[in-house]
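All values derive from a computational prediction rather than experimental measurement. FYI, side chains are in, hydrogens and waters are out, and symmetry mates aren't considered; it's all heavy atoms of this structure.
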Amino acid sequence: VEGPSDEAWANLSKFGNAKRVDSGANVVLWQTYDPAVFLGERPLGDPPLNVVSPLQLYLDLKQLHGRGEEAAQAVYDSEIAPRFAEVMKMSQ
């Protein structure tokens, strides 16, 4: 996202203690022109911020090298794999 508003930063910092830095960022905001990436979005935090679905987050992180792949695996293990396990249980 190019030049997020002060309000957006204030809201983000309430959720995850985020702050602007010049290097070593661990939060990345991407601007998209495809509204389909928000299918399955969900609110997190208070006040809530809408975030993409676990699957979209996994796909976005997976394309990043290094820590992105590690983060993608963490999302898979904590969010996606348990859902697969639930579906498998229900189908038996």
Side-chain angles (χ1 to χ4, degrees):
V1 173
E2 185 175 334
S5 69
D6 289 338
E7 181 182 9
W9 275 110
N11 199 15
L12 184 60
S13 68
K14 286 179 189 174
F15 172 64
N17 298 322
K19 62 181 178 181
R20 294 180 187 188
V21 295
D22 293 327
S23 65
N26 61 6
V27 173
V28 178
L29 302 176
W30 284 321
Q31 184 176 10
T32 182
Y33 299 101
D34 182 1
V37 301
F38 295 108
L39 291 174
E41 71 182 345
R42 58 202 168 127
L44 289 178
D46 184 27
L49 292 174
N50 286 340
V51 297
V52 296
S53 70
L55 181 57
Q56 183 64 53
L57 179 58
Y58 172 82
L59 294 172
D60 290 342
L61 290 169
K62 191 70 175 167
Q63 67 183 328
L64 300 175
H65 299 290
R67 301 285 312 262
E69 294 175 5
E70 181 182 332
Q73 188 63 48
V75 169
Y76 181 84
D77 293 343
S78 67
E79 299 274 344
I80 298 171
R83 290 183 184 188
F84 283 138
E86 285 178 29
V87 170
M88 292 302 292
K89 270 184 162 178
M90 291 172 50
S91 67
Q92 293 178 350

Q. Can you tell if the side chain of Asp77 reaches within under 4.5 Å of the side chain of Gln73, non-hydrogen atoms only?
A.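 They are in contact (side-chain heavy atoms under 4.5 Å apart), so the answer is yes.
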Q. Are Phe84 and Tyr58 connected in the hydrophobic side-chain network, where two residues link if heavy atoms are under 4.5 Å apart?
A.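 Phe84 clusters together with Tyr58.
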Q) With Glu69, which residues qualify under side-chain hydrogen bond (donor to acceptor under 3.5 Å, both in side chains), at least two apart? A)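 side-chain hydrogen bond (donor to acceptor under 3.5 Å, both in side chains) check on Glu69 returns nothing, list empty.
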Can you give me the closest heavy-atom contact between [X] and [Y], atom names plus distance?
{"X": "Ser53", "Y": "Gly40", "result": "CB-O, 3.5 Å"}
{"X": "Pro82", "Y": "Ser78", "result": "CG-O, 3.6 Å"}
{"X": "Ala72", "Y": "Lys62", "result": "CB-N, 3.7 Å"}

Q: Calculate, to the nearest 0.5 Å, the distance between atoms CD1 and CG belonging to Ile80 and Leu57 respectively.
A: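 Separation between the atoms: 8.0 Å.
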Q | Pairwise distance CD(Glu70) to CG(Leu61) - rounded to 0.5 angstrom | A |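 The CD atom of Glu70 sits 11.0 Å away from the CG atom of Leu61.
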Q) Are any of the side-chain nitrogens in Lys89 or Glu86 under 4.0 Å away from the carboxylate oxygens of its partner? A)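 Salt bridge absent between Lys89 and Glu86.
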